[in-house]
Amino acid sequence: MSQETKSTDFIRQIIDHDLSIGKNQGRVHTRFPPEPNGYLHIGHAKSICLNFGIAADYGGKCNLRFDDTNPETEETEYVEGIMDDVRWLGFEWDGEVKYASDIFDQLYEFALKLIRDGKAYVCDLTAAEVGQYRGPWSEPGQDSPYRNRSVEENLDLFERMKNGEFPDGSRTLRAKIDMAASNMNLRDPAMYRIRHAHHHRTGDKWCIYPTYDWTHGQTDSLEGITHSICTLEFEQHRPLYDWFVENLGIHHPQQIEFARLNLTNTVMSKRRLLELVRGGNVAGWDDPRMPTIVGLRRRGYTPESIRNFCARIGVTKANSLTEYGVLEQEIREHLNKTATRVMAVLDPLRVVIENYPAGEFENREFINNPEDPEAGTRQVPFGRELFIERSDFMENPPKGYFRLVPGGEVRLRYGYFIKCNEVIKDPQTGEVVELRCTYDPETSGGKAPDGRKVKGTIHWVSANHAVDAEVRLYEALLLDPPENPSPERDWKEDLNPNSLVVVKGAKLEPVLATATMSDRYQFERLGYFCLDKSATESQLVFNRTVTLKDSWAKEQKKNA
RNA sequence: UGCCCCGUAGUGUAAUGGUAGCACAACAGAUUUUGGUUCUGUUUGUCUAGGUUCGAAUCCUAGCGGGGUAACCA
């Protein structure tokens, strides 16, 4: 089992300090607060591991809360998906799932209090007008002409907003803070907007909805959150959240911001992911090329590998771009220790062993996982006719090639040495269609009693026993961008045309006919693979999770 | 143009006033019945300039660079 790195970071250091001065009576309570308007991706996993991880490390609690303040974009489908993803990653939230909409009534009461205290007012300006009054950041804004309405008028207007007397967008409730503030968020931000919209949980009860800025800090406060961990773009909102809880006189959670995850060769924004799904560039949110949790899961990533990845990349306030290879290395590391080794031939080339009797077969013993002695062994059928990988034979090999060549000898993994005597070609195309070989019965198990060495070992499957399968080979979703991309360049130009290559006629070792979704395999010398959810009893389908490192391929590429 | 945040090997991070480490990548070698794994070694770094200090990646100032920010999105 791979060791999950015990991590420390600036956030944990802040918590250590808070604990040392007795803040929050020693409580540590975090939360993961997604908006249910899409599926979670690897960037969310970073936040999940952080928040749930901190709760676990400190014996605290972590809530799952849906920030569902915008009824127009949110759906129950996403709520279900997100809960499933969090659990799959290996975390369990404290108590019931929470929703921002749980406190819509309380929020309304809070708003009333601010109005009565002369700290909030109903404004009739349009959205465009509000923007103009707010002004540019280089100069102070102008007060709204409605800023000094009486408490009574504000109370009356706000109630009528709630009662649905006004059309969408016609009025807002605004906090009365400071139109000259250098921080734009303090220039009388909107607290409520009018939307006659159906909400996924409250239905048609409300026609005014609280803004995120007005809601977020209060939900944290009411849930007793001690440390509100969020991404960097909310940093300038912190003074506003502080203003709300202080003027309401309620518990004051401490907000701490960290840098979101960026990964090379993929996209992370919900907008772009949605664009890929809607544009048909991928098969859906769970397409194995997607950096979504469901996508990675279908691709064959394990929860451990994702958690290890999140620990590995650390947490800071510095903007960063993590190389995709780091994620790949994590899954290799986990699967190397746990995956069953099997043989699969993706691009089959027939081999006939002329001195092996036709119609006879034997079993060869295979080690299931050399990294795990407990995994044991299994029997694999061997016979006169085999398939080997087409790339494991070359008529005119380059220097350093030590697989099968005409007149050369190679070891069949856990089998025998074979020697290639004749190359049969299609008379029309010249394509190699079959190899006539002989085997050395003395080399059973792959060892030569005379001590002669064979450099290459290749994988194979018995032609009589092989099962057919479709195998899907995945590469990065995006190619490396050009050195100096122009600003107008469409990010979709970088989509990798080879991100999915479907191999139809793969020949697999018979044991794979009984593969299940939870099995993880290493197809020896090729990579790690798992059964795809689209597989049926008559049609096996495997996904390549990640390739094995391949120093030969790397060298070839370098020389090319 | 204001304000805020951030600058440590190619990448991601550690060191919190006292020897600049680690991981990934790269490169070289050993081992190997997976050109995998494992092991060994090598290359590469504190944005710049001042200041404080016996001593600065760390504290201060300025500059430079990157990011964020002017929804009735979150």
Side-chain angles (χ1 to χ4, degrees), chain A residues 5 7-10 13 33-35 37 67-70 72-74 100 123 125-128 130-132 134-141 168-174 181-185 187 189-195 208-209 211-213 215-216 230-239 257 259 261 264 270 312-330 332-333 336-337 341 343 367 370-371 400-403 411-415 417 443 445-447 454-459 522-527 547-556:
Chain A
T5 324
S7 58
T8 187
D9 51 66
F10 81 100
Q13 287 174 12
E35 183 189 13
N37 69 345
D67 272 339
D68 54 353
T69 55
N70 185 354
E72 286 159 337
T73 60
E74 293 150 7
C123 181
L125 256 25
T126 64
V130 167
Q132 264 161 16
R134 196 116 63 195
W137 43 38
S138 54
E139 42 191 271
D168 285 2
S170 60
R171 284 176 225 260
T172 53
L173 182 73
R174 293 225 259 164
S182 58
N183 182 341
M184 280 287 171
N185 296 120
R187 311 242 283 212
M191 295 165 61
Y192 277 95
R193 69 287 212 184
I194 302 173
R195 287 284 179 283
I208 55 172
Y209 287 95
T211 60
Y212 174 84
D213 274 349
T215 309
H216 192 76
C230 64
T231 44
L232 252 28
E233 67 270 27
F234 295 105
E235 195 152 28
Q236 303 92 307
H237 295 239
R238 181 165 15 102
E257 309 85 11
L261 171 69
T264 63
K270 276 186 192 173
R312 183 90 69 196
I313 58 175
V315 182
T316 66
K317 297 190 74 160
N319 295 109
S320 62
L321 181 60
T322 299
E323 289 172 353
Y324 196 79
V326 179
L327 217 207
E328 292 190 315
Q329 198 44 35
E330 283 304 336
R332 280 195 193 103
E333 195 175 312
N336 176 50
K337 290 176 181 135
R341 270 60 169 176
M343 292 198 293
I367 294 168
E371 305 292 320
Y401 184 85
F402 49 79
R403 276 109 97 151
R411 174 168 32 236
L412 294 176
R413 177 76 153 156
Y414 298 124
F417 288 6
T443 58
K447 284 184 272 287
V454 153
K455 184 104 179 178
T457 301
I458 65 174
H459 60 275
Q522 183 194 102
F523 290 3
E524 286 213 16
R525 306 209 299 133
L526 298 175
T547 61
L548 250 31
K549 282 195 204 165
D550 188 344
S551 58
W552 170 247
K554 191 158 87 176
E555 196 181 314
Q556 293 303 291

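Below, chains carry the letters A, B, ... as their sequence lines are ordered, and counting in each starts from 1.
- In this structure B:rA71 sits in the syn conformation; its chi angle is within 90° of 0.
- With both ends at atom C1', the span from B:rU48 to B:rG66 equals 15 Å, rounded to whole Å.
- With respect to A:Thr457, the side chain to side chain contact (heavy atoms under 4.5 Å, CB included) criterion is satisfied by exactly one of A:Arg413, A:Glu524, A:Arg525: A:Arg413.
- Of the candidates B:rU69, B:rG36, B:rC72, B:rG36 carries the atom nearest the A:Arg341 side chain, counting heavy atoms from C-beta on.
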Where along nucleotides 38-47 of chain B does protein come under 4.0 Å, by heavy atom, of base (B) or sugar-phosphate alone (S), with - for untouched nucleotides? ----------

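- Within the 4.0 Å cut-off from OP1 or OP2 of B:rU34, not a single side-chain nitrogen or oxygen of A:Arg332 is found.
- Remark: A:Ile313 CD1 to A:Asp9 CG distance equals 11.0 Å, nearest 0.5 Å.
- Taking OH of A:Tyr212 as the start and CG of A:Asn70 as the end, the distance is 13.0 Å to the nearest 0.5 Å.
- Contact annotation for A:Lys447: base contact, defined as any heavy-atom pair under 4.0 Å involving a base atom.
- Both A:Pro189 and A:Thr322 lie near RNA chain B, and the one whose nearest nucleotide falls closer to the 5' end is A:Thr322.
- Here A:Glu35 lies in heavy-atom contact (under 4.0 Å) with sugar-phosphate atoms only.
- Across all strands, A:Tyr324 comes closer than 4.0 Å to no nucleic acid atom at all (heavy-atom distances).
- Among the atoms of the strands shown, base atoms are found under 4.0 Å from some heavy atom of A:Pro370.
- Note on A:Glu257: nothing from the nucleic acid sits closer than 4.0 angstrom, heavy atoms only.
- Candidate nucleotides B:rG36, B:rG67, B:rC72 were compared by shortest atom distance to the side chain of A:Ser551, and B:rG36 ranks first.
- Nearest nucleotide to the side chain of A:Glu235, out of B:rC4, B:rC3, B:rG12: B:rC4.
- Closest non-hydrogen pair, A:Lys270 versus A:Glu35, comes out as NZ-O, 3.5 Å.
- Taking the C1' atom of each, B:rU8 and B:rC22 are spaced 13 Å apart, rounded to whole Å.
- Within the nucleic acid shown, A:Arg187 has no heavy atom closer than 4.0 Å to any nucleic acid atom.
- Between B:rA74, B:rC72, B:rU34, one nucleotide has an atom nearer to the side chain of A:Val130 than all others, and that is B:rC72.
- Of the candidates B:rC24, B:rA74, B:rU69, the closest approach to any side-chain atom of A:Gln236 belongs to B:rU69.
- The A:Glu74 side chain lies nearest to B:rA74 when the options are B:rA70, B:rU13, B:rA74.
- When rounded to the nearest whole Å, the span between CD of A:Glu233 and P of B:rA71 equals 15 Å.
- Annotation for A:Ser170 and A:Ile194: closest pair OG-CD1, 3.7 Å, computed over non-hydrogen atoms.
- Taking atom C1' in both B:rA14 and B:rA23, the straight-line distance is 11 Å, to the nearest Å.
- For the P atoms, the distance from B:rG35 to B:rG68 is 45 Å, rounded to whole Å.
- The P atoms of B:rC59 and B:rG65 are separated by 23 Å, rounded to the nearest whole Å.
- Paired with A:Arg193 under the rule side chain to side chain contact (heavy atoms under 4.5 Å, CB included), one option of A:Ile208, A:Leu173, A:Thr211, A:Asp168 passes, and it is A:Thr211.
- Taking the P atoms as reference points, B:rG51 lies 14 Å from B:rU58, given to the whole Å.
- Counting any heavy atom pair closer than 4.0 Å across all strands shown, A:Thr264 reaches no nucleic acid atom.
- Side-chain nitrogen and oxygen atoms of A:Arg195 include at least one within less than 4.0 Å of the OP1 or OP2 phosphate oxygen of B:rC73.
- Residue contacts for A:Thr172: at a heavy-atom cut-off of 4.0 Å it reaches a base atom on one of the strands shown.
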May I have the step-by-step check of side chain to side chain contact (heavy atoms under 4.5 Å, CB included) for A:Glu257 and A:Arg238, ending in yes or no? CA-CA 9 Å; A:Glu257 309 85 11; A:Arg238 181 165 15 102; 2.6 Å; yes

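- Here, B:rC39 and B:rA74 have their P atoms 50 Å apart, quoted to the whole Å.
- Proximity of A:Thr457 to the phosphate of B:rU32: no side-chain N or O atom is located under 4.0 Å from OP1 or OP2.
- When rounded to the nearest whole Å, the span between CG of A:Asp550 and C1' of B:rU37 equals 14 Å.
- Distance CE (A:Met184) to P (B:rC3): 12 Å, rounded to an integer number of Å.
- Contact annotation: A:Ser138 does not reach the phosphate of B:rC3 (side-chain N/O to OP1 or OP2, under 4.0 Å).
- At a threshold of 4.0 angstrom between heavy atoms, the contacts of A:Phe402 include nucleobase atoms, whether or not backbone atoms are also involved.
- Contact between A:Asn336 and A:Glu371 at its shortest, heavy atoms only, is O-CG, 3.3 Å.
- Scanning all heavy atoms of the two residues, the minimum distance from A:Arg174 to A:Met191 falls at C-SD, 3.9 Å.
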Criterion side chain to side chain contact (heavy atoms under 4.5 Å, CB included) on A:Glu72 and A:Tyr209, from CA distance to verdict: CA-CA 11 Å; A:Glu72 286 159 337; A:Tyr209 287 95; over 6 Å; no

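- Considering only heavy atoms from C-beta on, A:Lys317 comes within 4.5 Å of A:Glu235 through its side chain.
- Across all strands shown, A:Asn183 has no heavy atoms under 4.0 Å from either base or sugar-phosphate atoms.
- One interatomic measurement links the two molecules: CD of A:Gln522 to P of B:rU34, which rounds to 11 Å at whole-angstrom precision.
- One finds no side-chain N or O of A:Arg238 lying less than 4.0 angstrom from the OP1 or OP2 phosphate oxygen of B:rC5.
- For A:Arg525, whose side chain is taken as the heavy atoms from C-beta onward, the closest listed nucleotide among B:rG35, B:rG67, B:rC6 is B:rG35.
- Nearest-nucleotide positions on RNA chain B for A:Ala553 and A:Cys123 put A:Ala553 closer to the 5' end.
- Residue A:Leu232 is out of contact with every strand shown, counting any heavy-atom pair closer than 4.0 Å.
- Here A:Gly400 lies in heavy-atom contact (under 4.0 Å) with a base.
- Counting non-hydrogen atoms under 4.0 angstrom, A:Gly169 reaches a base of the nucleic acid.
- Taking only side-chain atoms of A:Ala190, from C-beta outward, the nucleotide of B:rC72, B:rU69, B:rA74 with the closest atom is B:rC72.
- Comparing the P positions of B:rA26 and B:rU37 gives a spacing of 11 Å, expressed to the nearest Å.
- Residue A:Lys317 places no side-chain N or O under 4.0 Å from the OP1 or OP2 atom of B:rG67.
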Classify every nucleotide of nucleotides 14-21 of chain B by which part a protein heavy atom approaches to under 4.0 Å, writing B for the base, S for the sugar-phosphate alone and - for neither, in 5'-to-3' order. SSB-----

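- Formation of a donor-acceptor pair under 3.5 Å by the A:Asn37 side chain with backbone atoms of A:Glu74 is not found in this model.
- Nucleic acid contact class of A:Ala318 (heavy atoms, under 4.0 Å, all strands): sugar-phosphate only.
- Contact detail for A:Thr264 and A:Tyr324: the closest heavy-atom pair is OG1-N, 2.9 Å.
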